Amino acid sequence: MLATNGRLKIALQRSGRLTDESIGLLRACGLEFEFQKQSLYSPSRNFPLDILAIRDDDIPEYVQDGVADLGIVGQNILREKKTRVKELLPLGFGRCRLMISVPQRSTIRATRDLKRKRIGTTYPGILQRFLTEQGVNAEIIKLSGSVELAPTLDVADAICDIVSTGSTARMNGLRPLLTVLESEAVLIANRRSLQEKAKKADIERLLIRARGYLEARGKRYLMMNAPAKAVPHLKRIIPSLKSPTVVPLADSGMVAVHSVVAEDVFWDVMENLKKAGASDIIVTPIETIIR
Ligand code: ATP
Ligand code: ZN
């Protein structure tokens, strides 16, 4: 059963907040497979890789021990488990924060006020490192769930828990105090797999594709016609990574301008381009950018 057939194994969260985007990333890398939550393994039809679907908490150990060569897991889980794996690539999804919050009426206002207080958490490792760094001596209460209830039950004076926004804390009558860790999903690898020639080559192929996809995400490709003399002005409007490509058109004095633009500034850029004399503006999605 273990990795003896030369195929890569990637451990993904079976069912949870990271599942859809992890699967989406692999598909965007061109991998074809049927993903069934019920089955432990899902083989890819067109790439030497099998998906192993497990609980997110188990992913760092599975990758460390070589049960899987690769894994996708939140940095929050990765930093909490003391495993030796290689972090290959931050993936830009599964963003969340590990925050310390206190009851609304608490007298705790700053980090130093946590001294000798009880902090309930399922992240004792990360929290202890943070407190040591800050030079604060507090008592860590290790919990296994329902952390937000700890202050109400008077089990703790503060909690250290994952939130995607401050509003979750506020809903539970808590006030966010400070951020201990900003987290996102990352691609991790087993260290020995990175030294095996054939596996390393397949991991590299996958990495190039993943980087291309991440690079293209949130970006559009812009094409437009413009008077040649307007180009310096157009260049200032397009906050592009690279300088735009400018191609002369048969029509004298006119050029075609091509460029990459970020989705979030896209409409502003379009309006300004039009005002600056651009016409026939075409916008297309970008699937990947291989550098
Ligand atoms: P499992 O059954 O696999 O153990 P889980 O309940 O522990 O699942 P999820 O709640 O699905 O885990 O969260 C998985 C990961 O998603 C978290 O470890 C974290 O990295 C990330 N995440 C993103 N946003 C949030 C959020 N608002 N709350 C909790 N986790 C989040
Ligand atoms: Zn979990």
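Read the numbers this way: they start at 1 and go in the same order the structure lists the ligands and their atoms. Given the structure is predicted, the values throughout are model-derived calculations rather than measurements. We're numbering straight along the sequence, starting at 1.
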For [X], take its heavy atoms, then give the atoms of ligand 1 lying under 4.0 Å from any of them.
{"X": "Gly74", "result": "20 (O)"}
{"X": "Ile162", "result": "26 (C), 28 (N), 29 (C), 30 (N), 31 (C)"}
{"X": "Arg95", "result": "23 (C), 24 (N)"}
{"X": "Gly16", "result": "11 (O)"}
{"X": "Gly94", "result": "21 (C), 23 (C)"}
{"X": "Leu18", "result": "15 (C), 16 (O)"}

Return a yes/no value for Asp56: is any of its N or O atoms, backbone included, closer than 3.5 angstrom to an N or O of ligand 1?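 N/O-N/O distance under 3.5 Å: yes.
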Can you find an N or O of Gln13 that's nearer than 3.5 Å to an N or O of ligand 1?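 N/O-N/O distance below 3.5 Å exists for this pair.
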Does ligand 1 have an atom under 4.0 Å from some heavy atom of Arg14?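 No.
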To the nearest 0.5 Å, what is the distance between CD1 (Ile10) and OG (Ser42)?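 The OG atom of Ser42 is 12.0 Å from CD1 of Ile10, to the nearest 0.5 Å.
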Point-to-point distance, once rounded to the nearest 0.5 Å, from NZ of Lys219 to CZ of Arg217: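 Result: 10.0 Å between the selected atoms.
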Whether [Y] and [X] form a salt bridge (side-chain N of Lys/Arg under 4.0 Å from carboxylate O of Asp/Glu) is what I want to check.
{"X": "Arg95", "Y": "Glu182", "result": "no"}
{"X": "Asp202", "Y": "Lys199", "result": "no"}
{"X": "Arg118", "Y": "Asp154", "result": "yes"}

Restricting to N/O/S, name the atom of Asp56 that gets closest to the Zn ion (ligand 2).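 Per the distance ranking, Asp56 contributes OD1 as its closest N/O/S atom to the Zn ion (ligand 2).
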Among the N/O/S atoms of Asp57, select the one at the shortest distance from the Zn ion (ligand 2) and name it.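 Of all N, O or S atoms belonging to Asp57, OD1 is the one nearest the Zn ion (ligand 2).
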Taking a hydrophobic cluster as the set of Ile, Leu, Val, Met, Phe, Trp and Tyr residues connected by side-chain heavy atoms closer than 4.5 Å, whether directly or through intermediates, do Ile54 and Val67 fall within one such cluster?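 Both belong to a single hydrophobic cluster.
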Out of Asn46, Leu49, Ile23, which one pairs with Phe33 under the side chain to side chain contact (heavy atoms under 4.5 Å, CB included) rule?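 By the side chain to side chain contact (heavy atoms under 4.5 Å, CB included) criterion, Phe33 pairs with just one of Asn46, Leu49, Ile23: Ile23.
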Do Arg14's NZ or CZ and the ring of Phe35 fall within the cation-pi criteria of under 6.0 Å and 45°?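 Geometry flag: not set, cation outside 6.0 Å or 45°.
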